[in-house]
Amino acid sequence: MTGTDISDEELLARFPGWDVNRDSAAHYRGRLERRLLLQRCEDCGTWHHPPRPLCPACWSWNVTPTEVAGTGTIFMFVLLHQGPPAEGVDYSEPHPVVTVELDEQPGLRFTSTVLGVPNDAIRIGARTTLDWIDRDGAPLPVFRIVEEAQ
Ligand code: ZN
């Protein structure tokens, strides 16, 4: 099943508890195809996230969900010692949450978790790539740290 041909009702059912609305629906449909779609202005090229109907730079309504590469740099990093219940998340080990500044544009940031490394190996400025896991029956975009060449 692809993400683009399901109804709004099905989309809401696939992402219970998420902020699925008119502006973000295309983003969540993209997740079902494991594509990270963020809003980009067709008039001035500015990206923004979370999705809004209007370009924050030039106020154009001509914004289109556009796929990003998902590569970037860790901008902010927190460890959650408590949080909402989530499949596969056990807060006995603090759960990392990172905000990654994506390569497409300074200030374009996306927040998720980072997998595959111990918490003490996560640092601001580390390079990341995008990966996908399944959580609660829907694909979730996550980050992995890129090992930098010495
Ligand atoms: Zn614009």
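Basis for what follows: all heavy atoms, side chains included, without hydrogens, waters or symmetry-related copies.
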Same apolar cluster: Ile122 and Val146, side chain cutoff 4.5 Å: no
Leu115 CG to Ile145 CD1 distance, which is reported to the nearest 0.5 Å: 10.0 Å
Side-chain (Glu10) to main-chain (Ser7) donor-acceptor, under 3.5 angstrom: yes
Arg135 and Val89, any side-chain heavy atoms less than 4.5 Å apart: yes
Step-by-step side chain to side chain contact (heavy atoms under 4.5 Å, CB included) determination, Leu130 to Phe143: CA-CA 5 Å; Leu130 185 67; Phe143 292 106; 4.3 Å; yes
Whether Trp132 side chain and Leu140 backbone form a donor-acceptor pair below 3.5 Å: no
Which residues share a ring-ring contact (aromatic ring centres under 6.0 Å, His included) with His48, sequence neighbours left out: none
Polar side-chain atom of Ser24 near backbone of Asp19 as donor-acceptor pair, under 3.5 Å: yes
Donor-acceptor contact present, side-chain Tyr28 to main-chain Arg14, <3.5 Å: no
Sidechain-backbone polar pair: Ser60 side chain, Cys58 backbone, donor-acceptor under 3.5 Å: no
For Trp61, the rest of its hydrophobic cluster, which grows through side-chain links under 4.5 angstrom: Leu54, Trp59
Shared hydrophobic cluster for Ile124 and Leu79 (ILVMFWY, side-chain gaps under 4.5 Å): yes
Gly137 backbone acceptor or donor facing Asp134 side chain under 3.5 Å: no
Check: Val98 and Thr128 side chains under 4.5 Å, non-hydrogen atoms: no
Donor-acceptor contact below 3.5 Å, side chain Ser112 vs main chain Pro141: yes
Sequence neighbours excluded - ring pair (Phe, Tyr, Trp, His ring centres under 6.0 Å) pairs with any residue from residues 65-90: none
Within 6.0 Å of CD in Glu87, more than 12 heavy atoms from elsewhere: yes
Leu37 backbone acceptor or donor facing His27 side chain under 3.5 Å: yes
Shortest non-hydrogen contact from Tyr91 toward Pro84: OH-O, 2.7 Å
Counterpart residues, salt bridge (Lys or Arg N to Asp or Glu O under 4.0 Å), relative to Arg22 (two or more places apart): none
Within one Ile-Leu-Val-Met-Phe-Trp-Tyr cluster: Ile74 and Val117, side-chain cutoff 4.5 Å: yes
Check: Val142 main-chain N/O paired with Thr113 side-chain donor or acceptor under 3.5 Å: no
Pairs touching residues 100-110 that satisfy side chain to side chain donor-acceptor pair (under 3.5 Å), sequence neighbours left out: Thr71-Asp103, Glu101-Arg109, Asp103-Arg127
Nearest heavy-atom neighbours spanning Cys55 and Thr46: SG-CB, 4.2 Å
Any side-chain heavy-atom pair of Thr66 and Leu38 under 4.5 Å: no
Residues Asp131 and Arg144 bridged, charged N to O under 4.0 Å: yes
Side chains of Leu32 and Pro139 in contact at under 4.5 Å (non-hydrogen atoms): yes
Steps toward side chain to side chain contact (heavy atoms under 4.5 Å, CB included) verdict (Thr64, Arg40): CA-CA 5 Å; Thr64 302; Arg40 188 175 198 195; 5.7 Å; no
Members sharing Val63's hydrophobic cluster (side chains within less than 4.5 Å): none
